[in-house]
Amino acid sequence: MTETLSPTQARRIALAAQGFSRARPGSVSARQVHRVMDRLGVLQIDSVNVFARSHYLPLFSRLGVYEPALLDRVFLSRTTHYVEYLAHEATFIPIEDWPLWRFRMEDFRRRWAGEDSWMSSNARTVQWVQDELRARGPLRPADLRADAPRERGTWWDWDEVKLALEHLWRTGDVAVSGRRGFERTYALAEHVIPDDIRSQQISRSDAILELTRRAARSSGVATQSDLADYYRIRDRAAVARSIAELVDTGELQSVQVRGWERGGRPLPAWRHRDAVLPRKIEAAAVLTPFDPVVWFRERALRVFDLDYRIEIYVPAEKRRYGYYSLPVLVGDRIVARVDLKADRATSTLQVQSAWWEPQARPGDAERIAAELTLAATWQGLEHVSVSGWGDATEALHTALRGGGPDPSVRRHVHAREHPA
């Protein structure tokens with residue numbers, strides 16, 4: 001018999017699978033960071049640094065205030081347990097998962113094998129980059145640029161070398177060995193990935209089966225599209241076969257979620273056998289756009305009634321919500337979105353816009369205000385300011401003041417209340 005879940009139950013299962021049913025620890029250690037990674041499977045990397053770079057936020061959302069240098073030590077040290085690869089977009093993954101991605105590396109290799117491909121057309125550049133890494137060890141792109149063989153003729157072009165590094169990373173010949181600031185350091189994969197890991201052979205079907213299993217565990221309850229998107233697996237037939245196998249072994253259970261429909265028909269969905277349904281979710285959290293909870297637009301709309309799109313590339317005058325608006329979770333609901341900026345010069349967390357979502361309820365402003373105050377503390381900022389752009393700004397300003405004047409909370413009203 002197929003279990004039927006309410007939308008609220010599905011949200012709670014999904015959030016519990018992502019670690020939001022647990023209370024935040026009093027202090028954060030590397031052990032807690034590894035536990036979050038065990039749940040997420042991947043940590044997406046992004047360069048935008050208006051408030052905080054994306055990969056720092058999922059840990060804050062789940063663990064609360066922690067020292068960002070801890071993330072650097074865990075993920076970027078020479079003894080790290082993690083490495084970067086395209087496991088969704090660019091992400092940190094456990095280093096032992098490198099063989100799981102060989103099928104994707106081979107897909108890239110086959111795609112670029114033709115005589116008219118970029119790799120073939122730029123074979124000299126590709127070979128030179130590999131030779132340099134083999135001879136000199138890990139290098140930044142700037143290191144390669146400094147020693148570029150310009151005297152060899154017209155074949156040299158700096159953009160080609162950058163592209164060579166990225167192509168070789170995608171094919172698994174090169175790995176990211178660390179970062180200085182946000183700049184990657186590259187090395188041959190054999191210098192980064194231990195031999196016993198790199199030598200493992202995992203078939204395409206076995207890799208997709210394992211990734212589907214992990215996506216199901218991290219999602220709690222999901223559709224086939226949800227499971228395919230988690231690791232950006234484009235072979236939907238392979239995902240379907242993996243789901244069928246996981247159902248046969250009892251790892252996935254078929255469910256129906258009321259309201260999860262397409263064309264008036266229920267969407268097939270599956271619940272992982274280890275997924276728990278908490279009585280309630282007490283969490284409040286600011287989420288990065290690249291948090292697994294919301295990174296798949298179709299799922300965010302279906303599960304949280306959140307129609308979400310980043311407006312980084314939208315002209316300023318046409319933005320509806322702001323440059324880099326962040327969804328805000330209260331309980332089991334996405335209740336608002338806030339566009340945050342860390343103004344280091346004035347030590348202020350600027351709430352540049354704030355908007356309610358359909359799931360908002362009375363009292364949510366106080367929970368959001370507390371989370372914004374915590375976010376300011378996490379980023380070492382002394383003040384919080386709220387603009388006048390958005391229908392949630394007045395309530396947030398009042399909540400941040402605590403009902404009375406507070407010198408650490410400032411009210412700034414934009415010249416326009418709404419975008420043109």
Side-chain angles (χ1 to χ4, degrees), residues 2 4-18 20 39-44 46 54 57-58 61 86-91 208 211-244 246 252-272 275 281 285 287-314 320-321 324-329 332-337 355 357-359:
T2 300
T4 298
L5 300 171
S6 71
T8 299
Q9 289 174 321
R11 287 199 304 271
R12 290 176 182 170
I13 291 171
L15 289 167
Q18 284 285 308
F20 285 102
R39 285 186 174 274
L40 303 187
V42 294
L43 189 63
Q44 185 166 333
D46 189 69
S54 180
L57 268 166
S61 300
L86 287 164
H88 183 78
E89 295 296 332
T91 59
I208 292 177
L211 293 171
T212 303
R213 173 187 289 115
R214 295 187 187 191
R217 188 177 62 226
S218 295
S219 301
V221 58
T223 66
Q224 180 178 322
S225 293
D226 297 338
L227 298 177
D229 182 80
Y230 202 90
Y231 291 108
R232 292 285 169 86
I233 300 173
R234 300 185 187 278
D235 188 344
R236 298 303 174 93
V239 174
R241 288 192 296 271
S242 297
I243 290 172
L246 294 170
L252 293 186
Q253 302 158 0
S254 178
V255 297
Q256 286 188 4
V257 181
R258 290 196 295 274
W260 287 22
E261 298 178 348
R262 179 172 292 158
R265 296 185 176 184
L267 269 175
W270 294 269
R271 176 178 178 175
H272 192 271
I281 298 288
L287 305 176
T288 168
F290 306 117
D291 194 296
V293 171
V294 294
W295 67 13
F296 184 31
R297 190 180 185 195
E298 177 187 314
R299 179 174 171 87
L301 182 59
R302 183 182 348 106
V303 178
F304 294 103
D305 199 18
L306 176 71
D307 189 6
Y308 187 57
R309 177 172 289 170
I310 304 170
E311 296 182 316
I312 293 174
Y313 303 110
V314 176
R320 174 68 176 85
Y321 297 105
Y324 199 65
S325 62
L326 310 177
V328 184
L329 176 74
D332 58 27
R333 299 164 291 117
I334 302 291
V335 303
R337 60 183 85 188
W355 305 86
E357 288 296 314
Q359 299 281 351

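Remember, predicted model here, so these are calculated numbers, not experimental data.
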Results of side-chain hydrogen bond (donor to acceptor under 3.5 Å, both in side chains) for Arg217 - residues two or more places apart only: none
Atom pair CD (Glu298) and CG (Asp229), whose distance is rounded to the nearest 0.5 Å: 8.5 Å
Pairs meeting criterion side-chain hydrogen bond (donor to acceptor under 3.5 Å, both in side chains) with involvement of residues 287-297, two or more places apart: Ser54-Thr288, Arg62-Asp291, Arg297-Asp307
Check: Asp226 main-chain N/O paired with Arg299 side-chain donor or acceptor under 3.5 Å: no
Nearest non-hydrogen partners of Gln359 and Val335, listed with the distance: O-CG1, 4.1 Å
Pairwise distance OG(Ser225) to CG(Leu267) - rounded to 0.5 angstrom: 7.5 Å
Note, Pro292 side chain near Gln18 side chain (heavy atom, < 4.5 Å): yes
Evaluation steps, side-chain contact (heavy atoms from CB on, under 4.5 Å), between Asp305 and Ile334: CA-CA 8 Å; Asp305 199 18; Ile334 302 291; over 6 Å; no
Nearest heavy atoms of Tyr230 and Leu40, plus distance in Å: OH-O, 2.7 Å
Any side-chain heavy-atom pair of Arg39 and Ser218 under 4.5 Å: no
side-chain contact (heavy atoms from CB on, under 4.5 Å) assessment of Val293 paired with Leu329: CA-CA 10 Å; Val293 171; Leu329 176 74; 5.9 Å; no
Donor-acceptor under 3.5 Å (Thr2 side chain, Val255 main chain): no
Lys NZ or Arg CZ of Arg337 over Trp355 ring: under 6.0 Å, within 45°: no
Intermediate values then yes/no, side-chain contact (heavy atoms from CB on, under 4.5 Å), Arg302 and Thr223: CA-CA 10 Å; Arg302 183 182 348 106; Thr223 66; 3.5 Å; yes
Chi angles and distances behind the side-chain contact (heavy atoms from CB on, under 4.5 Å) call for Trp260, Val303: CA-CA 8 Å; Trp260 287 22; Val303 178; 3.5 Å; yes
Exercise: identify the closest heavy-atom pair between Ala10 and Val221: O-CG1, 3.6 Å
Minimal non-hydrogen separation, Val42 against Tyr231, with atom names: CG1-CE2, 3.6 Å
Heavy-atom pair with the smallest gap, counting every atom of Ser219 and Leu227: OG-CD2, 4.4 Å
Separation of Ile310 CD1 from Leu326 CG (nearest 0.5 Å): 9.5 Å
Set of residues satisfying ring-ring contact (aromatic ring centres under 6.0 Å, His included) with respect to Phe20, sequence neighbours excluded: none
Check: Gln253 side chain, His272 main-chain N or O, donor-acceptor pair, under 3.5 Å: no
Gap separating the CG atom of Leu287 from the OG atom of Ser325, nearest 0.5 angstrom: 11.5 Å
Under the salt bridge (charged side-chain N to carboxylate O under 4.0 Å, His left out) test, residues paired with Arg236 that sit two or more places apart: none
Approximate separation, where rounding is to 0.5 Å, of Gln44 CD and Leu86 CG: 10.0 Å
Point-to-point distance, once rounded to the nearest 0.5 Å, from OG1 of Thr212 to CG of Leu252: 8.5 Å
For the student: nearest non-hydrogen atoms of Ala16 and Ile281, plus distance: N-CD1, 4.3 Å
With Ser6 via side chain to side chain contact (heavy atoms under 4.5 Å, CB included) - residues at least two apart: Thr8, Gln9, Arg258
Contacts of Glu311 that satisfy salt bridge (charged side-chain N to carboxylate O under 4.0 Å, His left out) - sequence neighbours left out: none
